[in-house]
Each structure stands twice: as C-alpha cells, then as structure tokens.
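When reading the values below, keep in mind they use all heavy atoms of this one structure, side chains included, and skip hydrogens, waters and symmetry mates.
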Amino acid sequence: MTMEFWRPKYHEYLNSEGDVTIIGSTFQRSRILKDLEPETYQLSFEDWVEERKTGLHELAGQVLTTHDNENRFKALKRAYEARNVVPFLGAGISIPSGYPGWTKFLWDLQSESHVKENDLELLLNSGDYEGAAQLIYDDLGSALFSKQLHECFDRNCTTAGAINLLPLVFPESNIITTNFDKLLESVFSGQSQGFDQVVLGTNLEEALRILSTGGRYLLKLHGSCESIANRVLLHGEYEHAYSDSGVVKRFFSRFLFGKSLLFIGCSLLTDRTLRAMEEVVSAEGSHTLPQHYAFLELKDGIDRVERKKDLARANIFPIWYPEGEHDESIEALLLALMEDGA
C-alpha cells in the first residue's frame, strides 16, 4: 500500500525541531537527510509510515470502543466487504487541503459586500445556508458572486488529509459529493483511477441511466464551481432541484434503493439532502431501504441520543469521533475499514 501522500507530513516531522544553520546558511533537516543519505531517508520514511499506521490503528480502536460505535462499524464493514458502500463526501473532506468550509466562504463574501453581519449570522445560526447564499448573491449580483465562487474553489490546492486515502479505500466505487472544488477529480486521476464521467447537478437524470450500464462516475449533486447552469446553490436552485419533480429529489428516490451511503465530511444538519432522504424513508419504509452510515464529529453540548434519532429518520446511523480530531479520526476509520481484521 503506497502512502506517498504522507511524505509532506513526514517532512513536517523531520523539521519539527527547526532548521539547521551552517555558517549563516539555513537548511531544512528533511532536505539534508534526503540529499546526503537518500537510502536512509527512504528507509526512515517507510518506518515512519508504519509507525503512523500503528498510531491510527490505535486511534480507530479508541474511537470504536466509545458509545455504540463498534457494532455499527462492523455492520458498515460487512457492507463494504460486499462492495455495497458508496462514499458521500462533504466540505469537511476538502478543508485540510486549503478550501474553506461553506460557513467561512459565506463570511468571506460578506466582508466584501454590503450585507450586514447580523443578517448573515441570523440565517447561518438557523441553518439556512441557501438563504444566506441568496442574501449575498442578491447584494453582489450574479457576475461578481459567480466570479468569487469560481476563484475560491477552482484553485489548484495540494490534496491533504483523508481525501488521499479514498482511491485506496474505494478503488472501484462511484463517488457522490456536494463539493464545488475539483479535488476528487485530481486525487483519483493521480492514482490512475479516473472517472469515466463527471456528472453535474441538473444532469443527474442522465446519471441514473448510465449508472445501470456500468462504468465509474463522480456525481457532483450540486454542480461544480465553473458551471452556473448545473449549479444547486441558491434558494431558487434548491427549490427547483429538491422539489418533488426536481432532479436531485428524483435521484435520491431511486438511488437510495441501491447501495449504502457513507457520509464523510458532512455536517448532516438541517440541509436539503437530509430532508430528501427523510422523505424517501417515510414514503417507502426504512425496512425496504439500505442502511446508511456517517463518520460524525461529536461536538460539545450536542444531545447525542437526540441527534441519533434525527439521523435515523433518514436511515443514517452515525459513528462518532471526538470534537477537534476530524482529520486523524477520518484517516483512522478509513484505514480500519479497508484493513483485514479491523
């Protein structure tokens, strides 16, 4: 199993004690070792990788022995081993690579607009993210809003964090995301596992047809940063896509009869995706549908049992990890998912 994407983190480890100064010139410790002793450097990296994997394995064990995680993870693993799991990825999977979460992006836009802080805060605190986006859009106008969205999410950021494990954990699976950036296209193509097609927002009707013919697809439910026509972002766009006759709502009503979804990097609060799933489960009955899973951060002050009840209405069952340990916990759980005997 290649872990080349961990090399920058290995360099951070080597350089953690500071640079080396020789006669007024400064050198990084990683550069000295790599240039002067390349074989030792490589062997040291391989040893460090094994130590990191051991540490993550121990972390996964700690996470899975809390609350009711262990049996739920075993059920997820059985579905995974049967190739019956499709990852559903949210903004949290892109944040380690330098992209903002949706809340931060909206606040960044607000600082360059005439929208009042109190007005935006009121909408965000109530969970009305589409209303918040609409508020800023109405202030900035279509051209400026779309330009700033494109500039923010079309940047070439180096992939970092758990996203690098996805091609190893899901080497043949379709991928679903609500993200606007292009990190997934990048990380999978870099592993010679590119998608046969990237399907955007309003083309999901076509996705349902082509999924039945085989192949491998990246389904970007809300579109991509450069395509306004296929975007699902503003209040009106959500209304159209998630109405009873909307393409995203129809996609969920049909897709949910297939494989289990694994939500990673998703908050799963009061958003349209969750409500659409709840409606399908209510209409069809939970016993007729696959069970879905989520790696979720357990934030302080959250009523865990009440949150679990809410998610169960969408047939989603959480595997909790501690607040503030997102990156390490997701990597640990993904490694545990694909490793034998985990």
Open item on the list: Before you tell me yes or no, could you show the steps for Asn15 and His11 under side-chain hydrogen bond (donor to acceptor under 3.5 Å, both in side chains), namely the whole-Å CA-CA distance, both residues' side-chain angles and the distance that decides it to 0.1 Å?
Closed with: CA-CA 6 Å; Asn15 298 326; His11 287 174; 5.7 Å; no

Open item on the list: Does Asp35, at its CG atom, have more than 12 non-hydrogen atoms belonging to other residues, nucleotides or ligands within less than 6.0 Å?
Closed with: yes

Task: Atom CZ of Arg307: over 12 foreign heavy atoms under 6.0 Å - done: yes

Please determine whether residues [X] and [Y] belong to a single hydrophobic cluster, defined as Ile, Leu, Val, Met, Phe, Trp and Tyr linked transitively by side-chain heavy-atom distances below 4.5 Å.
X: Ile32; Y: Tyr10; answer: no
X: Ile316; Y: Val305; answer: no
X: Tyr13; Y: Val49; answer: yes
X: Leu298; Y: Ile95; answer: no
X: Met3; Y: Leu166; answer: yes

TODO: Apply the test side chain to side chain contact (heavy atoms under 4.5 Å, CB included) to residues Leu221 and Val232: give CA-CA distance (whole Å), side-chain angles for both, the deciding distance (0.1 Å), then the verdict.
DONE: CA-CA 8 Å; Leu221 290 189; Val232 181; over 6 Å; no

Task: Residues Arg83, Glu172; criterion salt bridge (Lys or Arg N to Asp or Glu O under 4.0 Å); working and verdict - done: CA-CA 9 Å; Arg83 297 185 177 182; Glu172 299 176 355; 3.3 Å; yes

Can you confirm whether [X] sits close enough to [Y] that some side-chain heavy atom of one is under 4.5 Å from a side-chain heavy atom of the other?
X: Leu219; Y: Thr177; value: no
X: Phe5; Y: Leu168; value: yes
X: Leu218; Y: Val199; value: no
X: Tyr217; Y: Val198; value: no
X: Ile330; Y: Ile264; value: yes
X: His150; Y: Arg155; value: no
X: Lys182; Y: Ser224; value: yes
X: Met277; Y: Val280; value: no

Which residue is it: [options]? I am looking for the one with a side-chain contact (heavy atoms from CB on, under 4.5 Å) to [X].
X: Ser97; options: Val187, Leu183, Thr158, Asp181; result: Leu183
X: Leu296; options: Pro318, Ser329, Cys266; result: Pro318
X: Leu76; options: Leu262, Asn71, Leu333; result: Leu262

- [ ] Can you label the angle between the Tyr80 ring and the Phe170 ring as parallel, tilted or perpendicular, going by 30° and 60°?
- [x] perpendicular

- [ ] Evaluate the criterion side-chain hydrogen bond (donor to acceptor under 3.5 Å, both in side chains) for residue pair Asp19 and Thr26; output intermediate values, then yes/no.
- [x] CA-CA 6 Å; Asp19 295 338; Thr26 302; 5.6 Å; no

Task: Charged tip of Arg72 within 45° of Tyr293 ring normal and under 6.0 Å - done: no

Please answer whether the main-chain N or O of [Y] pairs with a side-chain N or O of [X] as donor and acceptor at a distance below 3.5 Å.
X: Lys53; Y: Trp48; answer: no
X: Thr159; Y: Asn164; answer: no
X: Lys299; Y: Gly324; answer: no
X: Thr178; Y: Gly90; answer: no
X: Asp139; Y: His114; answer: yes
X: Ser282; Y: Glu279; answer: no
X: Arg313; Y: Leu274; answer: no
X: Thr288; Y: Glu284; answer: yes
X: Tyr321; Y: Ala60; answer: no
X: Arg29; Y: Val20; answer: no

TODO: Please test Asp108 against Glu112 for side chain to side chain contact (heavy atoms under 4.5 Å, CB included), starting from the C-alpha separation and ending with a verdict.
DONE: CA-CA 7 Å; Asp108 289 345; Glu112 294 294 323; over 6 Å; no

Task: Stepwise side chain to side chain contact (heavy atoms under 4.5 Å, CB included) test for Ile176 and Val86 - done: CA-CA 7 Å; Ile176 303 175; Val86 172; 4.0 Å; yes

Open item on the list: So that I know where these two stand, are Phe153 and Phe105 an aromatic pair - ring centroids less than 6.0 Å apart?
Closed with: yes

- [ ] Would you confirm whether the ring centroid of Phe88 sits within less than 6.0 angstrom of the ring centroid of Phe263?
- [x] yes

Using 0.5 Å steps for rounding, measure from the [atom1] atom of [X] to the [atom2] atom of [Y].
X: Glu297; Y: Ser267; atom1: CD; atom2: OG; result: 11.0 Å
X: Phe45; Y: Lys9; atom1: CZ; atom2: NZ; result: 12.0 Å
X: Glu46; Y: Gln42; atom1: CD; atom2: CD; result: 4.5 Å
X: Glu151; Y: Ser146; atom1: CD; atom2: OG; result: 11.0 Å
X: Glu278; Y: Asp310; atom1: CD; atom2: CG; result: 7.5 Å
X: Lys259; Y: His292; atom1: NZ; atom2: NE2; result: 12.5 Å

Assess, by modelled atom type and distance only, whether the side chains of [X] and [Y] contain a donor and an acceptor separated by less than 3.5 Å.
X: His222; Y: Arg231; answer: no
X: Glu130; Y: His235; answer: yes
X: Glu121; Y: Trp107; answer: no

TODO: Start with the C-alpha distance between Tyr41 and Ser30, add both sets of side-chain angles, then the distance that settles side-chain hydrogen bond (donor to acceptor under 3.5 Å, both in side chains), and finish with yes or no.
DONE: CA-CA 8 Å; Tyr41 164 83; Ser30 59; over 6 Å; no

Task: Verdict with supporting geometry, Val63 and Phe73, side chain to side chain contact (heavy atoms under 4.5 Å, CB included) - done: CA-CA 10 Å; Val63 169; Phe73 188 81; over 6 Å; no

TODO: Please assess Glu58 against Gln62 for the test side-chain hydrogen bond (donor to acceptor under 3.5 Å, both in side chains), listing each intermediate value before the final yes or no.
DONE: CA-CA 6 Å; Glu58 292 173 355; Gln62 295 169 10; 5.6 Å; no

